[in-house]
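Heads up: the structure comes next, in structure tokens.
Starting from 1, each residue takes its place in the sequence as its number. We count ligands from 1, going down the list as the structure has it; atoms in each ligand are counted the same way. Keep in mind that the numbers below use all heavy atoms, side chains included, and drop hydrogens, waters and symmetry copies.
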Amino acid sequence: MTNTFKIQPLIAQSALAGIANRKFCQQMFDLGAGMVTLGGFPADRLNCKASLKMEERGKIEFIPPVKESEFSEWFNQNLLLNKRKNTQRTAVNLRIVTIDQTTEKWLKSLDGKIDFLELNAHCRQKEVLSIGGGERLLNNLKRLDLLLTNISKLLQKTELGIKIRGSSVGDKDALINILEKQQVNYIHIDSMLKGENIADIQLLKSYCDSTDIPIIGNNSVRCIEDIKKMMKVGAIAVSVARPLITHPNFIAELIQQLEG
Ligand SMILES: Cc1cc2nc3c(=O)[nH]c(=O)nc-3n(C[C@H](O)[C@H](O)[C@H](O)COP(=O)(O)O)c2cc1C
């Protein structure tokens with residue numbers, strides 16, 4: 001299968017659980033983002049339970065319905081976006097560790113209505129780690145492989161991407177082998193330098209040099225120079241998250257600088 005990953009402009013809004021809802025992502029499309037990422041959302045029973053526990057300690061979580069009869073209306077209320085250009089793309093970031101019946105029905109109901117399902121192998125909230133989810137998947141490659149196989153079986157018209165925390169990967173080559181075998185359409189890498197608030201450009205480069213899967217560079221993109229550094233080492237696009245919480249127009253400013 002040829003990789004059809006294409007977004008334009010080459011700047012994406014990265015997932016922000018509890019914040020990146022339909023209204024937020026629509027604003028990102030209106031401001032010109034090449035790709036928006038709704039969520040993250042818990043997409044199986046175990047992750048929904050984890051989200052409820054996270055809510056108990058004050059986090060805001062987006063929790064999808066469990067009844068199939070509610071999926072369609074919920075989609076229209078929470079995920080339906082209006083693209084301004086046909087080169088813009090919609091991703092939905094999902095936390096999944098097992099495919100239960102609800103997951104199966106929900107994923108099938110999303111198929112074809114979004115461009116990318118972005119599997120979350122990035123979260124490090126303790127409730128998610130304790131069920132083997134989020135970044136734990138990066139060091140349980142058997143589980144990740146099986147999960148990707150099972151998710152792919154459910155999706156006919158939606159492509160698969162993955163969000164990873166680069167610094168948490170144990171065996172990069174083994175991970176890439178699996179992602180290539182699974183024909184993942186993009187790898188979205190939070191390239192944070194461990195313990196610092198800057199991107200590790202060498203880490204990003206090491207992924208770009210190791211695979212032909214398109215790579216979205218993420219973490220601490222705050223000016224045009226940061227974008228250029230990531231693209232110079234091979235990232236096909238970059239993404240931004242935290243600055244957009246208080247300054248949504250930041251995405252338009254970056255796009256304007258990139259595209260002149
Ligand atoms: C409040 C908040 C919620 C987040 N939720 C998610 C999420 O659900 N899924 C995910 O993959 N990343 C999530 N992230 C990580 C961001 O998408 C991004 O990778 C990270 O903030 C680094 O990018 P930045 O420096 O541009 O903020 C979240 C970050 C924040 C601050």
Side-chain angles (χ1 to χ4, degrees), residues 10-22 24-25 28 31 33-44 47-48 50-51 54-55 57-64 78-79 90-97 114 116-129 133-138 144 160-169 184 186-201 203-204 207 215-227 229-230 235 237-251 253-255 258:
L10 298 170
I11 303 186
Q13 165 255 315
S14 191
L16 285 162
I19 297 168
N21 57 14
R22 181 182 174 207
F24 182 91
C25 291
M28 290 297 123
L31 288 167
M35 175 170 129
V36 301
T37 315
L38 287 148
F41 300 92
D44 60 17
N47 272 290
C48 283
S51 288
M54 280 149 67
E55 282 191 332
R57 64 174 168 90
K59 284 194 83 67
I60 300 171
E61 281 286 284
F62 298 140
I63 306 188
N78 295 279
L79 302 183
T90 309
V92 177
N93 180 283
L94 297 182
R95 286 175 237 138
I96 311 175
V97 282
I114 57 173
F116 301 113
L117 186 162
E118 182 176 275
L119 179 65
N120 181 330
H122 174 276
C123 181
R124 54 180 176 187
Q125 299 296 322
K126 62 180 191 294
E127 295 84 352
V128 174
L129 298 181
E135 69 166 24
R136 282 274 150 84
L137 291 172
L138 297 172
L144 179 67
L160 195 51
I162 188 166
K163 171 81 175 288
I164 68 168
R165 190 181 293 279
S167 62
S168 299
V169 172
V184 164
Y186 69 84
I187 312 176
H188 188 174
I189 306 183
D190 181 338
S191 353
M192 187 184 74
L193 187 63
K194 210 167 187 168
E196 312 266 342
N197 225 355
I198 51 170
D200 183 344
I201 298 296
L203 175 105
L204 189 63
Y207 278 89
I215 292 194
I216 306 176
N218 166 254
N219 204 283
S220 304
V221 170
R222 301 296 180 262
C223 62
I224 188 73
E225 284 72 31
D226 295 333
I227 297 177
K229 273 187 219 160
M230 288 189 170
V238 302
S239 74
V240 194
R242 287 166 292 177
L244 302 173
I245 301 172
T246 50
H247 183 27
N249 199 48
F250 184 58
I251 200 145
E253 292 165 15
L254 287 178
I255 291 165
L258 183 66

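Between I189, I198, N218, it is N218 that holds the heavy atom closest to atom 23 (O) of ligand 1.
A side-chain donor from one of Q125 and R57 sits under 3.5 Å from a side-chain acceptor of the other. S191 and R165 are not linked by any side-chain donor-acceptor pair at a separation below 3.5 angstrom, with hydrogens and angles left out of the test.
With hydrogens and angles ignored, the 3.5 Å screen pairs no side-chain donor or acceptor of D190 with any backbone N or O of N219. Not one N or O on the side chain of S239 forms a donor-acceptor pair closer than 3.5 Å with the backbone of N218. In this structure, E61 contributes its side chain and E55 its backbone to no donor-acceptor pair below 3.5 Å. Using modelled atom types, no side-chain atom of N47 and backbone atom of A43 make a donor-acceptor pair closer than 3.5 Å.
With respect to atom 13 (C) of ligand 1, the closest heavy atom belonging to the protein is A15 O, 3.3 Å. In this structure, the protein non-hydrogen atom closest to atom 15 (C) of ligand 1 is H122 CE1, 3.5 Å. Of all protein heavy atoms, the one lying nearest to atom 12 (N) of ligand 1 is K163 NZ, 3.1 Å.
Of all heavy-atom pairs between I19 and F24, the closest is O-CB, 3.4 Å.
Listed by atom number, the atoms of ligand 1 under 4.0 Å from G40 heavy atoms are 7 (C), 8 (O). Those atoms of ligand 1 that come under 4.0 Å of a heavy atom in N219, given as number and element, are 22 (C), 23 (O), 25 (O). Every atom of ligand 1 with a heavy atom of S14 under 4.0 Å away is listed here by number and element: 16 (C), 17 (O), 18 (C), 19 (O). Applying the 4.0 Å criterion to heavy atoms of A17 picks out, from ligand 1, the atoms 3 (C), 4 (C), 5 (N), 6 (C), 8 (O).
Remark: distances from the non-hydrogen atoms of C123 to ligand 1 are all 4.0 Å or more.
At a 4.0 Å heavy-atom cut-off, ligand 1 touches R222 through the side chain alone. Of the heavy atoms in D190, only side-chain atoms (C-beta onward) come closer than 4.0 Å to ligand 1. If you look at L16 next to ligand 1, the close heavy atoms, those under 4.0 Å, come from the backbone and the side chain alike. Of the heavy atoms in R242, both backbone and side-chain atoms come closer than 4.0 Å to ligand 1.
Here's the thing with A241: one of its N/O atoms is less than 3.5 angstrom from an N/O atom of ligand 1. Below 3.5 Å of separation, one finds no N or O of P243 facing any N or O of ligand 1.
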For side chain to side chain donor-acceptor pair (under 3.5 Å), just list the numbers for R136 and S168, CA-CA rounded to whole Å, side-chain angles, deciding distance to a tenth of an Å, and then say yes or no. CA-CA 8 Å; R136 282 274 150 84; S168 299; over 6 Å; no
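Crowding of I198 atom CD1: a count of heavy atoms from other residues, nucleotides or ligands under 6.0 Å exceeding 12.
N93 pairs with exactly one of H188, K163, E118 by the side-chain hydrogen bond (donor to acceptor under 3.5 Å, both in side chains) rule, that one being E118.
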